[in-house]
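Here the structure is laid out as structure tokens; the discussion comes afterwards.
Chain identifiers are assigned alphabetically (A, B, ...) following the order of the sequence lines, protein sequences preceding nucleic acid strands; residue numbering begins at 1 within each chain. For the numbers below, each heavy atom of this structure counts, side chains included, while hydrogens, waters and symmetry mates do not.
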Protein chains: 2
Amino acid sequence: MRSYGQYCSIARGLDVVGDRWTLLIVRELLLQGPCRFTDLRNGLPGIAANLLSSRLRELEQAELISREDAPPPVATTLYGLTESGRALEPALKALGIWGLRYMAEDRPDDAFQAHWLAYGAAWLATDTDPEAPPVTIQVQADGKPVVVEIVGGRVESRVGRTEDPDLEIDGPPRAVLGLLNGLLDLDGAEKLGVSARGRTDVLSRLRPASTEAGPVDLVER
Amino acid sequence: MRSYGQYCSIARGLDVVGDRWTLLIVRELLLQGPCRFTDLRNGLPGIAANLLSSRLRELEQAELISREDAPPPVATTLYGLTESGRALEPALKALGIWGLRYMAEDRPDDAFQAHWLAYGAAWLATDTDPEAPPVTIQVQADGKPVVVEIVGGRVESRVGRTEDPDLEIDGPPRAVLGLLNGLLDLDGAEKLGVSARGRTDVLSRLRPASTEAGPVDLVER
DNA sequence: CCGGATCCCCAGGGATACTG
DNA sequence: CAGTATCCCTGGGGATCCGG
């Protein structure tokens, strides 16, 4: 990227990660851990192969990512974040919280992947009752399964399924996301097509991680 | 900007502010308050007038900024941030903290403005001794004056001069910034051309605002 | 002088095809 | 699978010009 030529840490940061797709590549590596080229390509629907290739080269040169050869059974190269790359997490988190305000808009053609929903829960929600016992929620959105665990004040999540969850919810991504972030109550979510089975009371423990951003209306205006 | 087409709050956020110059425009309005076209242009050295014009139009449409007609004596239009625009502050702050690691590199041609240094102090530094009495520092870097006040755990700053500061420091931007962020000690800063007069002991109260980013080496490698 | 609009040119991004 | 190569087109940089 062409430099902004300004002695300002925001501008210099953008000199490095301001290019198109760059922050999303970091997002993928942050969420998925070390990835193969094809994993990244799948996690970034819409990116052109040459662009991904060139971005990876630039990011490696900037020492945000490093290539490593995977152990024998796989025998391919893996791309992983360096310390500098991982240090972008707070910035991505803040941007993700800000971007929540645009998640209400329904764009049917948008791609959707399970791990995006997973980080949505883990990064963007807080447990309001840290003293309460841990609970497990089996989430499914657009057919993609995610497990959310509320444990001692923290909200954690991963892609996949679990046995005997305290609660199961299923529905379109927008409604499920609103429910997980505490921005939608169950009534509202059910109107948007969510079905819930089990201890629906645990949902009241979830509140949006604020950064004093204030709540956002996830229902389309 | 062309949409990434991903149902992810980071991607949707970048759909709005991911274009070149956009975040820097928000930075200016955040630091300077409502601005005229020319003020923005001066605060964004390097931007082409047509780009600024088109970005302002897009940002207004996205409801991040609003135009208002200034009161009679000025009689020009002012651009100011809306609530959504101001909500970007945490993201810009996080990015600015991350970008600090690139502030060590010396690029003689980079532009430098006083208010960038001012936010550098206020956003990126913390007072380690909130109980201690308030102190005032008169800073000057590259001829541009900034006042930094350490008051009850908070670090505040503004462009300009004050009377009877507890400490005066003067030197090249890189060294002054390192000193204000607690990343450089006085000895190191003096080697980079800083001169200090007054209560140099108050500098020990400044520490970098972490976001667990860890300290950064501001001296060139 | 302020607040842009217009024009031209080039670099960077998108789509697809091709190769080790 | 992991990229490269190619072509095309849009979007950004830079200068100039114009109305208020």
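Phosphate contact (OP1/OP2 of C/dA5, side-chain N/O of B/S53, threshold under 4.0 Å): present. A sub-4.0 Å separation between OP1 or OP2 of D/dG12 and a side-chain N or O of B/R55 is present. One finds no side-chain N or O of B/R67 lying less than 4.0 angstrom from the OP1 or OP2 phosphate oxygen of C/dG3. Considering only side-chain N and O atoms, A/R2 lies nowhere under 4.0 angstrom from the phosphate OP1 or OP2 of C/dC10. Look at B/R20 and you'll find a side-chain N or O under 4.0 angstrom from OP1 or OP2 of D/dG13. The side chain of A/W21 contributes an N or O atom lying less than 4.0 Å from OP1 or OP2 of C/dG14. Remark: B/Y79 is not in phosphate contact with C/dC2, judged by side-chain N or O atoms under 4.0 Å from OP1 or OP2. The shortest distance between the side-chain N/O atoms of A/R41 and the OP1/OP2 oxygens of D/dG3 is not below 4.0 Å.
Backbone-only contact: A/T77 has heavy atoms under 4.0 Å from sugar-phosphate atoms and none from a base.
Note: CG (B/L52) to C1' (C/dG3) measures 10 Å, nearest angstrom. Protein atom CZ of B/R57 is 9 Å distant from nucleotide atom P of C/dT6, rounded to whole Å. Taking atom CG on A/D19 and atom C1' on C/dA11, their separation rounds to 11 Å, with Å as the unit. Between the P atom of D/dG12 and the CG atom of B/L56 lies a distance of 14 Å, rounded to the nearest Å. Rounded to whole Å, atom C1' of C/dG3 lies 12 Å from atom CG of B/D39. Rounded to an integer number of Å, the gap from CG of B/N42 to P of C/dG4 is 14 Å. Taking atom CG on B/L78 and atom P on C/dG4, their separation rounds to 11 Å, with Å as the unit. A straight line from CD1 of A/I47 to P of C/dG14 spans 8 Å, rounded to a whole angstrom.
Shown here for B/L40 and B/C35, the closest heavy-atom pair between the two residues is CG-CB, 3.8 Å.
Side-chain atoms of B/S9 never come within 3.5 Å of backbone atoms of A/G99 as a donor-acceptor pair (strictly under, hydrogens ignored).
Residues B/L51 and A/T38 both approach DNA chain D. Their nearest nucleotides, taken by heavy-atom distance, put A/T38 toward the 5′ side.
Atom-to-atom distance recorded for A/R27:CZ and A/L95:CG is 11.0 Å, nearest 0.5 angstrom.
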Check: How far apart are the C-alpha atoms of A/R12 and A/Q6, what are their side-chain angles, what is the distance that settles it, and do they pass the side-chain hydrogen bond (donor to acceptor under 3.5 Å, both in side chains) test?
Finding: CA-CA 7 Å; A/R12 287 209 169 175; A/Q6 301 183 0; over 6 Å; no

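Counting only N and O atoms by type, the side chains of A/W116 and A/E28 include a donor and acceptor under 3.5 Å apart.
Checked by distance alone, B/N50 brings a side-chain donor or acceptor within 3.5 Å of a matching partner on the base of D/dG14.
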